[in-house]
Amino acid sequence: METRAVKIYSQVNKNVVLRVMKGHFATTHSHINYFMDMTGLKSRLNEAKGAASVLARKYENTTIVDTIVCIDGCEVVGAFLADELTRAGVMSMNQHRTIYVSTPECHTGGQLIFRDNMQMMIRGKNVILLLANVTTGKTLNRALECIEYYGGQTVGISSIFSVIKSARGIEVNSIFTEKDVPDYMTYETAKCPLCQKKVLLDAMVNSHGYSKI
Ligand SMILES: O=C(O)c1cc(=O)[nH]c(=O)n1[C@@H]1O[C@H](COP(=O)(O)O)[C@@H](O)[C@H]1O
């Protein structure tokens, strides 16, 4: 599958590259015809830093940010985003005058929780939610509910790739959209035309990557 990867370069920073693979893939919430391989963007220092610098442009000098909540394994990008915002003079109103980078635990049944020792990073805090992929928006909405439940205020949403433009009135700040990926499609699992044509799935995918089936 790796040989089928195509590189898509960010319009604003050519060092930020999304690798996509065409095929038939199942996520937790939909079927898609491109797998977004975020491995490099999430784990290589220079790529993660590049992604963070693109995402930071949205928030520089405009927003108070106390905490970045990372979903989809985006902690490295999250740490660079915190650094970029701090350098740009973004204020943190919490006691320690710094930005927390945090991830909820995915509990049995997919519920997102913050343990007691983590909740101070969310309660009464200004939060940026950071994801790798937003397709149906179900994962995004679950994360927003989690932040709200623990008393945080989401002041921004960022994602490396997003099909969704806004959630709960907040714009999704993304580096790539479906317009960057020619003929990108997402289908409700039960109505997937590839399944109807008996096209076998290439892989099950989630934020960790893919497993061929
Ligand atoms: O559908 C995706 O968002 C998705 C595309 C992809 O290529 N790889 C991948 O892991 N996903 C994951 O699928 C999950 C479902 O996204 P939503 O449909 O927006 O809830 C998210 O956790 C994404 O990270």
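Every number for a ligand or one of its atoms is a count from 1 in the order of the listing. This is a predicted model, so every value here is computed, not measured.
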Hey, does the side chain of S159 reach the backbone of A132 with a donor-acceptor pair shorter than 3.5 angstrom? yes
Filter the ligand 1-protein atom pairs down to N or O on both sides and distance under 3.5 Å, then list them.
from, atom 1, to, atom 2, distance (Å)
ligand 1, 1 (O), T135, OG1, 2.7
ligand 1, 3 (O), T135, OG1, 2.7
ligand 1, 7 (O), M36, N, 2.8
ligand 1, 10 (O), N206, O, 2.7
ligand 1, 10 (O), S207, N, 3.3
ligand 1, 18 (O), T136, N, 3.0
ligand 1, 18 (O), T136, OG1, 2.6
ligand 1, 19 (O), T135, N, 2.8
ligand 1, 19 (O), T136, N, 3.1
ligand 1, 19 (O), G137, N, 3.0
ligand 1, 20 (O), H29, ND1, 2.7
ligand 1, 20 (O), T136, OG1, 3.4
ligand 1, 20 (O), T139, N, 2.9
ligand 1, 20 (O), T139, OG1, 2.6
ligand 1, 22 (O), D72, OD1, 3.0
ligand 1, 24 (O), D72, OD1, 3.1
ligand 1, 24 (O), D72, OD2, 3.3

Restricting to non-hydrogen atoms, name the atom on E178 and the atom on V163 that form the minimum distance, rounded to 0.1 Å. OE1-CA, 3.8 Å
Is it true that a side-chain atom of T154 and a backbone atom of G156 form a donor plus acceptor pair closer than 3.5 Å? no
Can you tell whether the side chains of D183 and K22 come within less than 4.0 Å, N to carboxylate O? yes
Closest heavy-atom contact between S102 and M118? OG-CE, 3.5 Å
Between F35 and Y210, how do the two ring planes meet: parallel, tilted or perpendicular, split at 30° and 60°? perpendicular
